[in-house]
Novice: 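This is the structure, below, for whatever I ask next.
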Amino acid sequence: MGGRPIHVYGYDVQTEAGEYFRRAVLGGSYKWNCGLDGFADDLHEDGSTADAAARIAAAVAADPYGIGYAKLRYGTAGVRALALAPREGAPYIEPTRDNVQRRLYPLTRSMMVYLNRPPHGAVDAKVREFLRYVLSGEGQQEVSREGGYLPLPAEVAAEQLRKLE
């Protein structure tokens, strides 16, 4: 590449995705690359948002000296996702759907749901029924159909269902 500068693309440091990257990759450090071209989600007039990841992937695809980080689902023919190791000396893990779904890929994020209930207290019946639906086969199919998240592996969904009792 003949000494050309590498251009870095990613989420704006003030976004939730930028904050995740700061904690997961930079160990909580605020020492960002000053040349980072940061992207944030676009807010449309109708209140919907356009995910910044698509623009990040497009910027990397258009730049022969570009490297970036964005959600895997926005990968295109013009970009290549990289295998990563969770720590130095560990084997590299490919960013496959299965590795992300099983939380093996080092930059996998999980969606968490927390309940405010007294210790050892019962879950409110309406909340429990909603979460049962979300964790059911039908609910997980809907998660997959929506496209923003991957469904839980069946054993993980079953484990979470047991926690509702």
Side-chain angles (χ1 to χ4, degrees), residues 1-116 131 134-135 139-157 159-160:
M1 295 275 173
R4 304 268 176 127
I6 295 173
H7 307 130
V8 183
Y9 302 94
Y11 294 96
D12 184 283
V13 299
Q14 300 299 316
T15 64
E16 188 273 333
E19 174 64 17
Y20 169 78
F21 188 84
R22 185 183 70 77
R23 285 186 326 233
V25 176
L26 303 177
S29 172
Y30 284 94
K31 293 184 180 181
W32 285 85
N33 179 329
C34 294
L36 171 71
D37 194 353
F39 293 80
D41 293 347
D42 281 334
L43 182 60
H44 296 187
E45 288 184 19
D46 66 1
S48 65
T49 59
D51 196 321
R55 295 192 342 266
I56 295 167
V60 171
D63 184 348
Y65 302 103
I67 188 169
Y69 66 96
K71 296 174 186 168
L72 283 172
R73 72 182 180 139
Y74 290 99
T76 65
V79 298
R80 182 171 57 96
L82 300 176
L84 299 174
R87 64 191 165 286
E88 191 172 336
Y92 285 82
I93 299 171
E94 293 292 331
T96 64
R97 178 184 171 100
D98 186 57
N99 285 342
V100 171
Q101 192 172 26
R102 292 176 37 218
R103 298 179 181 95
L104 299 175
Y105 189 66
L107 289 181
T108 300
R109 290 193 302 169
S110 297
M111 176 62 68
M112 304 298 210
V113 174
Y114 296 95
L115 303 176
N116 184 6
L131 292 175
V134 170
L135 294 167
Q140 289 299 292
Q141 284 178 351
E142 187 62 31
V143 167
S144 185
R145 193 172 21 259
E146 187 277 330
Y149 301 94
L150 293 175
L152 293 169
E155 64 275 8
V156 173
E159 176 187 336
Q160 297 307 310

Novice: Indicate the atoms forming the closest heavy-atom contact of Arg97 with Ser144, along with that distance.
Specialist: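 The pair with the smallest heavy-atom distance is NH2-OG, 3.8 Å.
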Novice: Just how far is it from atom OG of Ser110 to atom CG of Leu152, taken to the nearest 0.5 Å?
Specialist: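 Taking OG in Ser110 and CG in Leu152, the distance rounds to 8.5 Å.
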Novice: Is there a side-chain contact between Pro95 and Leu82 in this structure, where contact means two heavy atoms from C-beta onward sitting under 4.5 Å apart?
Specialist: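 No, every pair of side-chain atoms sits at 4.5 Å or beyond.
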Novice: Would you compute the distance between atom CG of Asn99 and atom CG of Leu84 and round it to the nearest 0.5 angstrom?
Specialist: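 That separation rounds to 11.0 Å.
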Novice: Classify the side-chain pair Ser48/Asp46 by whether it contains a donor and acceptor separated by less than 3.5 Å.
Specialist: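 There is such a pair (donor and acceptor under 3.5 Å, judged by atom type) between the side chains of Ser48 and Asp46.
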Novice: Go through Tyr9 and Asp63 one step at a time and tell me if the side-chain hydrogen bond (donor to acceptor under 3.5 Å, both in side chains) criterion holds.
Specialist: CA-CA 10 Å; Tyr9 302 94; Asp63 184 348; 2.6 Å; yes
Novice: With a cut-off of under 6.0 Å to the ring centre and 45° to the axis, is Arg55 in cation-pi contact with Phe39?
Specialist: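 Judged by the rule (NZ or CZ under 6.0 Å from the ring centre, within 45° of its axis), Arg55 is not positioned above Phe39.
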Novice: Distance from Leu72 atom CG to Leu107 atom CG, nearest 0.5 Å?
Specialist: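 One gets 8.5 Å once the value is rounded to the nearest 0.5 Å.
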Novice: Give a yes or no on this: more than 12 heavy atoms of other residues, nucleotides or ligands lie within 6.0 Å of atom CD of Glu155.
Specialist: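 Count over threshold, so yes.
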Novice: If only atom types and distance count, is the side chain of Gln140 paired as donor or acceptor with the main-chain N or O of Val134 below 3.5 Å?
Specialist: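 Present.
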Novice: Could you check whether any side-chain heavy atom of Leu150 comes within less than 4.5 Å of a side-chain heavy atom of Arg103, counting everything from C-beta outward?
Specialist: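 Sidechains of Arg103 and Leu150: no contact.
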Novice: Between the side chain of Thr49 and the main-chain N/O of Asp51, is any donor-acceptor distance below 3.5 Å?
Specialist: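 Here the side-chain-to-backbone pair does not exist.
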Novice: For the atom pair OH (Tyr65) and CZ (Arg4), what is the distance rounded to the nearest 0.5 Å?
Specialist: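 It is 4.0 Å, given to the nearest 0.5 Å.
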Novice: Students often mix this up, so state it plainly: with edges at 30° and 60°, are the rings of Tyr69 and Phe21 parallel, tilted or perpendicular?
Specialist: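 Answer is parallel, since the angle falls under 30°.
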Novice: Below 4.5 Å, heavy atoms only, C-beta onward: do Val60 and Ile67 meet side chain to side chain?
Specialist: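 Side-chain contact under 4.5 Å: no.
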Novice: Determine whether Ser29 and Arg22 make a side-chain contact, defined as any pair of heavy atoms from C-beta on separated by less than 4.5 Å.
Specialist: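 No, side chains not in contact.
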Novice: Going from CG on Leu36 to CG on Asp12, what distance comes out if it is rounded to the nearest 0.5 angstrom?
Specialist: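 Reported to 0.5 Å precision, the distance equals 8.0 Å.
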Novice: Distance check, rounded to the nearest 0.5 Å: Lys71 atom NZ versus Tyr149 atom OH?
Specialist: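 Going from the NZ atom of Lys71 to the OH atom of Tyr149 covers 6.5 Å.
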Novice: Which heavy atom of Tyr74 sits nearest a heavy atom of Ala54, and at what distance?
Specialist: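 Reported closest heavy-atom pair: CD2-CB, 3.6 Å.
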Novice: Would you find a donor on one side and an acceptor on the other, under 3.5 Å apart, between the side chain of Gln160 and the backbone of Leu135?
Specialist: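 Answer holds: no.
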Novice: Return yes if some donor-acceptor pair links the side-chain N/O of Arg23 with the main-chain N/O of Gly28 below 3.5 Å, else return no.
Specialist: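 Looks like no, no N/O pair under 3.5 Å.
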Novice: Other residues, nucleotides and ligands only: do more than 12 of their heavy atoms fall within 6.0 Å of CG on Leu26?
Specialist: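 Buried by this count: over 12 neighbours within 6.0 Å.
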Novice: Between Ala52 and Asp41, what is the shortest heavy-atom contact and its length?
Specialist: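 That would be N-OD1, 2.8 Å.
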Novice: Are the charged groups of Arg109 and Glu16 less than 4.0 angstrom apart, N to O?
Specialist: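 Looking at Glu16 together with Arg109, the answer is yes, because their closest N to O distance falls below 4.0 Å.
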Novice: Could you check whether any side-chain heavy atom of Asp37 comes within less than 4.5 Å of a side-chain heavy atom of Val8, counting everything from C-beta outward?
Specialist: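 Sidechains of Val8 and Asp37: no contact.
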Novice: Does atom OH of Tyr20 have more than 12 heavy-atom neighbours from other groups under 6.0 Å away?
Specialist: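 Check passes, neighbour count above 12.
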Novice: Quick check: closest heavy atoms across Pro106 and Pro86, and the distance to 0.1 Å?
Specialist: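 What the structure gives for the nearest pair is CG-N, 3.7 Å.
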